[in-house]
Amino acid sequence: MIRVTLPDGSARELRAGASARDLAESIGPGLAKAAVAAKVNGEVRDLARALPDGAQVSILTKRDPEALLVLRHSAAHLMADAILRVFPKAQLTIGPVVDDGFYYDIFLPEGKISTDDFPRIEAEMVRIAEEGKPFQRCVSSYDEADEHFARYRAIDGGDNKFKRELVAGIRERGEELSFYKHGDFIDLCRGPHVPDTGFLKFTKLTKLSGSYWRGDATKDQLSRVYGISFFSKKELDDHFFMLEEAKKRDHRVLGKQLDLFHMDDEAPGFPFFHPKGARLWHTLVDFMRGMLRRRGYQEVKTPIVLSEQLWHTSGHYANYLENMFFTKMKLRDEKDPSKIHEHVDEERPMAVKPMNCPGHCLVYGTRIHSHRELPLRISEMGLVHRREFSGVRHGLFRVQAFTQDDAHHFCSPEQIEGEIKLLIGFFKQIYSAFGLDDVHIELSTRPAKSIGSDEVWATAEGALKRVLDQNGIAYKLNPGDGAFYGPKIDFHIRDSLKRSWQCGTIQLDFSMPLRFGLAYVGADGEKHVPVMIHRACFGSVERFLGILIEHFAGNFPLWLAPVQTVVVPVSEKFFDYAKSLNEQLLDLGLRSEVNLKDDRVGYKIREATLQKIPYAIVVGEKEQENGTLNARSRDEGELGEMKLGEFWAKIESAASPPVRPNALV
RNA sequence: GCUGCUGUAGCUCAGCCGGUAGAGCACUUCCUUGGUAAGGAAGAGGUCAUGGGUUCAAAUCCCGUCAGCAGCUCCA
């Protein structure tokens, strides 16, 4: 007999060799039916595997997020099996689960797979799923590995160099070699898997792309087939609905439809903001400026082009060169003005700033500072340029020039914790104004390429950890992901489609103040080196704007909407009344327009709706006589006839950002 | 940067087994003076991304370049 413990603390006795499925059956038939896999001593395992004595066991059902990963991994096997049936020459490589489903990288010695083949592959997948063949785990010795491969169909004639390489790796690490088979298919796999292929009925192929063996462009090129799998049809349908929704909300599409911005061949990766986009941009910046002022920030404005030498001092030249733009002079030939000399060397070559910190260090360094001034918070809506590889640019999300809502806190070491605490609460307050309350924090530590001593890094990393731990703030650790000058805390926010975006960042830096020879005079009359905290909340204003466009699907709340009201006269006879009403709306501080085109009311309403304008205000004979307006809300439909004062009272509070009190969590 | 796909009117797209371009919407003008998601008519608008090649003839076929899209890699 063995004895296992359940999550509720109770214990159960089972016969020796009993599996998690036996356990589930002993608890109840319902659970046995719902069971997908088991978590044994913290490790997810097949339901069919024997339980060790004394184990902590929980049965995973369709509801557990971990069960979904198991399902998708199994679906990858299902897909691989189907692909081999359609493409018998294909060789499998690796097939992991990713955030958004799973994929399998496949080597095709001849021929090509295309999305046109998806229906055939999916048809095979349905067939295999309906067979409901059990997944069986086989542990193999290394010598038997080839035999397994040869006997089954996972590999073409047992000669798959990719799988051989994987097997060799497993042998080297001294790990157990296991295979999983269902029906005639077998594949090298650590597992675990769902009990049988019947679980995999709700699986779809999603996309296809190229990839390389081991992600290395010099190695064999592979085809990566992506898929997604769920436990139910509803979840699968919902998933595709969300994808459709995301496509509809694409900020590049909405940016065009709402006339917010455009990207031009003449300036790849540099957005052109149209009047409405620029208004949105300024609304964000103005909001941020107000919030910064309230916290004692002092805004500066520093140059965009600075000497190359400065970037040597800061360390960017050594660590960030590939992402920087440099200026190069051109000169006319003195004798032949039609001849131009390119790339003329300058005595003092210049570079375009990719970050604002060196500029702020120069500002700080212009005079002596007392410890009484600290913490000194210097902010800037800093326009930075960063060279990006072609192919990574993406709408407003990834551009080559963007504005950071940047700031640097110069403070004493004792003040670090207070500043970080202030910032965490501050950032969350900002995000909540946009309804972005699902925020999680990540802590990134020293990367391979970095400046500063081990000691300094240890101090800086320790300080950030301490603030998070002492304030009970949950976070995820990302080793090696910090900035080259210091560790950082990043803020990830989830939008209305549950997608996560990295926005805010707080970076601790002991090195740059030292490199720039910055100092403050302490209470002891001696000079001390200040600590520098780099921080940005939106991150990139442009990118944040892109996120907001998708988050709101273009339906901006009143305070953000580039056009808040549009006055629609019923006919030409009421143009004057419409214009005067528009003037009054403008006087109230609203961003208002009046539609004086020769269109019918219905058409103008349609236009206002498509432009997602919060209020269309219809005026005709009745309104002119009564000195009223008739408002139609984008979100609530017709509001009826009312006086301007009444309308204003109704919308006034929504016209400014909803700011909640500053709080840590 | 790599792989695959794409580039035709302001926008969305058709034309693409070669014979110098077409629709809808938008735009302009006229008619219409209208009450909450499309009133009607006429008109204007394109060296088919760009450079080269094949051909009697290229939007159409081939190659290079640029840009975009989906991935890979990297980041705010």
Side-chain angles (χ1 to χ4, degrees), chain A residues 98 100 103 105 112-115 206-226 247 250 252-253 256-257 259 262-269 320 322-323 354-355 382 384 386-406 444 481 483 488 490-492 501-505 507 534 536-544 546-547 566 568-575 597-611 615-623 630-634 637-641:
Chain A
V98 288
D100 216 30
Y103 68 78
D105 277 349
K112 212 172 97 175
I113 184 167
S114 89
T115 48
T206 51
K207 56 195 171 187
L208 180 69
S209 82
S211 68
Y212 298 100
W213 175 236
R214 305 279 191 197
D216 182 342
T218 64
K219 298 196 167 140
D220 284 301
Q221 208 197 316
L222 310 171
S223 298
R224 178 169 297 180
V225 185
Y226 288 86
K247 211 183 278 175
D250 189 320
R252 293 165 300 180
V253 176
K256 207 178 268 181
Q257 282 168 3
D259 196 18
H262 90 274
M263 291 293 184
D264 202 291
D265 267 14
E266 300 297 339
Y320 210 71
E322 292 78 8
N323 291 292
M355 295 187 195
V384 297
R386 295 183 189 175
R387 206 179 260 293
E388 295 289 0
F389 290 123
S390 67
V392 301
R393 300 193 285 250
H394 183 96
L396 295 178
F397 289 163
R398 197 72 180 275
V399 294
Q400 296 202 107
F402 58 97
T403 308
Q404 288 182 310
D405 60 318
D406 205 1
S444 298
D481 225 19
K488 59 177 185 171
D490 291 318
F491 290 73
H492 296 251
W501 307 95
Q502 190 191 316
C503 292
T505 183
Q507 310 176 347
H534 308 241
C537 179
F538 291 152
S540 150
V541 178
E542 288 76 3
R543 181 166 175 274
F544 195 76
I547 293 166
V566 59
V568 175
V570 162
S571 81
E572 210 172 324
K573 285 185 245 165
F574 313 108
F575 276 17
K597 283 191 277 190
D598 181 22
D599 293 315
R600 290 181 141 77
V601 182
Y603 193 82
K604 291 185 185 182
I605 293 292
R606 174 183 151 83
E607 249 182 343
T609 308
L610 291 176
Q611 285 298 302
Y615 294 98
I617 292 172
V618 179
V619 292
E621 194 165 3
K622 208 168 24 155
E623 289 76 17
N630 199 320
R632 178 195 168 102
S633 154
R634 174 191 65 196
E638 276 188 67
L639 302 177
E641 191 181 350

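As the structure is a computational prediction, the values presented were derived from the model and not from experiment. Note: hydrogens, waters and symmetry copies are ignored here, and every other heavy atom, side chains too, is used.
Separation of the C1' atoms belonging to B:rU54 and B:rC11 is 35 Å when rounded to the nearest angstrom. Spacing of C1' atoms, B:rA21 relative to B:rU47, comes out at 13 Å, to the nearest Å. B:rG1 and B:rA57 have their P atoms separated by 36 Å, with the value rounded to a whole Å. Nucleotides B:rU28 and B:rU3 have their P atoms positioned 46 Å apart, rounded to a whole Å. For the C1' atoms, the distance linking B:rC5 with B:rG43 amounts to 38 Å, nearest Å. Here, B:rA41 and B:rA58 have their P atoms 39 Å apart, quoted to the whole Å. Nucleotides B:rG10 and B:rC63 have their P atoms positioned 29 Å apart, rounded to a whole Å.
For A:Asp598, the listed nucleotide lying nearest its side chain is B:rU32; candidates were B:rA76, B:rC27, B:rU32. Out of B:rU33, B:rU36, B:rC74, the shortest distance to the side chain of A:Arg398 is found at B:rC74. Here B:rG1 is the nucleotide among B:rU33, B:rG1, B:rA70 with the atom lying nearest to any side-chain atom of A:Phe389. With B:rG71, B:rA38, B:rU33 as the candidates, the nucleotide lying closest to the side chain of A:Lys207 is B:rG71. Here the side chain of A:Asp265 is nearest to one of B:rA67, B:rG39, B:rC69, namely B:rA67. For A:Arg606, whose side chain is taken as the heavy atoms from C-beta onward, the closest listed nucleotide among B:rU36, B:rC27, B:rA37 is B:rA37. Side-chain proximity of A:Tyr603 to the nucleotides B:rA76, B:rC72, B:rG39 is greatest for B:rG39. Minimum atom distance to the side chain of A:Ser571 is reached by B:rU33, of the listed B:rG35, B:rU33, B:rU36. Residue A:Lys622 has its side chain nearest to B:rG35 when only B:rA76, B:rG34, B:rG35 are considered. Of the listed nucleotides (B:rG34, B:rA37, B:rA76), B:rA76 has the atom at the smallest distance from the side chain of A:Gln502.
Nucleotide B:rC16 is matched to nothing when pairs are restricted to Watson-Crick or G-U wobble geometry with both distances under 3.5 angstrom. Nucleotide B:rG34 forms a pair with no other nucleotide shown, judged by Watson-Crick or G-U wobble geometry with both contacts under 3.5 Å. Across all strands shown, the partner of B:rG1 is B:rC72, judged by Watson-Crick or G-U wobble contacts whose two distances both fall under 3.5 Å. The nucleotide B:rC25 finds its pairing partner in B:rG10, both defining distances of the Watson-Crick or G-U wobble pair being shorter than 3.5 Å. Using the Watson-Crick or G-U wobble rule with both distances under 3.5 Å, B:rU47 pairs with nothing in any strand shown.
Distance A:Gln400 CD to B:rC74 C1': 13 Å, rounded to the nearest Å. If you take CG of A:Asn323 and P of B:rG1, they are 13 Å apart, rounded to a whole angstrom. Rounded to whole Å, the distance from NE2 on A:His534 to P on B:rA76 is 13 Å. Rounding to whole angstrom units, CZ of residue A:Arg224 and P of B:rG71 are separated by 12 Å. For the pair A:Arg386 CZ and B:rG1 C1', the computed distance is 19 Å after rounding to whole Å.
In this structure, a donor-acceptor pair under 3.5 Å is absent between the side chains of A:His492 and A:Asp490.
Scanning both residues, A:Arg224 and A:Asp105, for their nearest heavy atoms gives NE-OD1, 2.7 Å. Across all their heavy atoms, A:Val541 and A:Phe538 have their closest contact at CG2-CD1, 4.1 Å.
Each of A:Val566, A:Ile605, A:Leu639 was checked for a side-chain contact (heavy atoms from CB on, under 4.5 Å) with A:Arg632, and the lone residue meeting it is A:Ile605.
Remark: side-chain polar atoms of A:Glu641 are not paired, donor with acceptor, to backbone N or O of A:Glu623 under 3.5 angstrom. Of the possible donor and acceptor atoms, none in the side chain of A:Arg252 sits under 3.5 Å from a partner among the backbone N and O of A:Met263.
A close approach under 4.0 Å does not occur between any side-chain nitrogen or oxygen of A:Lys256 and OP1 or OP2 of B:rG10. Contact annotation: A:Lys604 side-chain N/O to B:rG34 OP1/OP2 distance is not under 4.0 Å. Phosphate contact (OP1/OP2 of B:rC11, side-chain N/O of A:His262, threshold under 4.0 Å): absent.
For a distance-only test at 3.5 Å, the side chain of A:Glu266 fails to qualify as a donor-acceptor partner of the base of B:rA67. Within 3.5 Å, no donor on the side chain of A:Glu322 pairs with an acceptor on the base of B:rG1, nor the reverse.
Toward the 5′ end of RNA chain B lies the nearest nucleotide of A:Asn630, the other residue of the pair A:Gln507 and A:Asn630 mapping further downstream. Of the two residues near RNA chain B, A:Glu572 and A:Gly504, the one whose nearest nucleotide lies more 5' is A:Glu572.
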